[in-house]
Amino acid sequence: MKKKEKPNYWLMKSEPDVFGIDHLIAMPKKTEHWDGVRNYQARNMMRDEMKKGDLVFFYHSNCKQPGIVGIMTVVKEGYPDHTAFDSNEKYYDPKSDPDNPRWYMVDIRHKRRLKRNITLEELKEFADTELKDCPLVRRGNRLSIMPLSEAQWDFILSLE
DNA sequence: GCCAACGTTGGC
DNA sequence: GCCAACGTTGGC
């Protein structure tokens with residue numbers, strides 16, 4: 001009998017003014033490719049580790065009230081970020097060659113909003129306990145995609 | 001391969 | 001808008 005694999009858990013940041021959860025919900029099938037990531041650590045996670053069916057928190061960054069606003073799911077695994085090849089694109093990178101792409105993305109589908117937003121301020125209260133290993137609540141963290149353990153995921157959801 | 005300079009992220 | 005923290009670049 002085939003056993004269903006457990007999903008991995010992630011958190012992905014985006015600026016609501018640029019692409020927020022409302023933008024995702026407005027997309028056809030509420031699905032969009034997560035382009036524009038130009039950081040190697042985040043790239044590696046999308047290219048190598050994110051699997052179809054994985055669950056992702058949608059985090060709003062660089063805004064009045066940063067925090068987690070919804071849940072998404074991975075619907076397409078890592079493939080080359082074509083926006084890096086197009087000089088008209090904001091995230092154009094001449095060093096990314098279509099024959100040897102430097103940047104990758106995944107496709108993400110909206111699952112649901114949280115019943116209420118869980119703010120960074122609130123999450124920081126657990127920086128020394130339940131979330132002590134989570135880079136999100138550590139000062140100076142700039143990683144736009146990060147993995148969460150199942151325990152961290154469950155804990156955050158329990159705050160909802 | 002070191003490291004200073006620079007650019008970007010993102011909370012505040 | 002400020003600025004700390006961090007990643008990347010490039011001279012040496």
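Convention: sequence-line order gives letters A, B, ...; per-chain numbering from 1.
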Tell me the bend of the helix from B:dG1-C:dC12 to B:dC12-C:dG1 as the angle between end helix axes, each from five pairs, rounded to the nearest 10 degrees. 10°

What's in the same ILVMFWY side-chain cluster as A:Tyr40, cut-off under 4.5 Å, chained through other members? A:Trp103

Please figure out whether A:Arg139 or A:Arg102 has its closest DNA chain C nucleotide nearer the 5' end. A:Arg139

Taking the side chain as C-beta and beyond, is there a heavy-atom pair between A:Pro16 and A:His60 under 4.5 Å? yes

Identify every side-chain donor-acceptor pair in residues 113-120 of chain A under 3.5 Å, counting partners at least two apart or on other chains, and give the distances.
residue, atom, partner, partner atom, Å
A:Arg113, NH2, A:Asp22, OD1, 2.4
A:Arg116, NE, A:Leu159, O, 3.4
A:Arg116, NH1, A:Glu122, OE1, 3.2
A:Arg116, NH2, A:Glu122, OE1, 3.4
A:Arg116, NH2, A:Glu122, OE2, 2.8
A:Arg116, NH2, A:Leu159, O, 2.6
A:Thr119, OG1, A:Glu122, N, 3.1

Would you mind telling me which residue lines up with the more 5' stretch of DNA chain C, A:Tyr40 or A:Asn62, judged by nearest nucleotide? A:Asn62

In this structure, would A:Leu11 and A:Tyr104 fall into the same cluster of hydrophobic residues linked by side-chain contacts under 4.5 Å? no

Partners of A:Arg138 by side chain to side chain contact (heavy atoms under 4.5 Å, CB included), sequence neighbours excluded? A:Pro135

Looking at A:Leu143, is its backbone amide N or carbonyl O close enough to the side chain of A:Lys13 to form a donor-acceptor pair, meaning the two atoms are under 3.5 Å apart? yes

Anything under 4.0 Å to a heavy atom of chain A counts; send over the first and last such nucleotide of DNA chain B, read 5' to 3'. B:dG7 to B:dC12

Pick out which of A:Leu24, A:Asp54, A:Leu55, A:Thr31 makes a side chain to side chain contact (heavy atoms under 4.5 Å, CB included) with A:Met72. A:Leu24

Looking at A:Phe126, does the NZ or CZ of A:Lys124 lie under 6.0 angstrom from its six-membered ring centre and within 45 degrees of the ring axis? no

Looking at A:Asp81 and A:Arg43, does any basic side-chain N land under 4.0 Å from a carboxylate oxygen? no

Residues from residues 120-132 of chain A lying under 4.0 Å of DNA chain B - heavy atoms: A:Leu120, A:Lys124

For A:Phe19, is there any backbone N or O sitting under 3.5 Å from a side-chain donor or acceptor partner on A:Ser14? yes

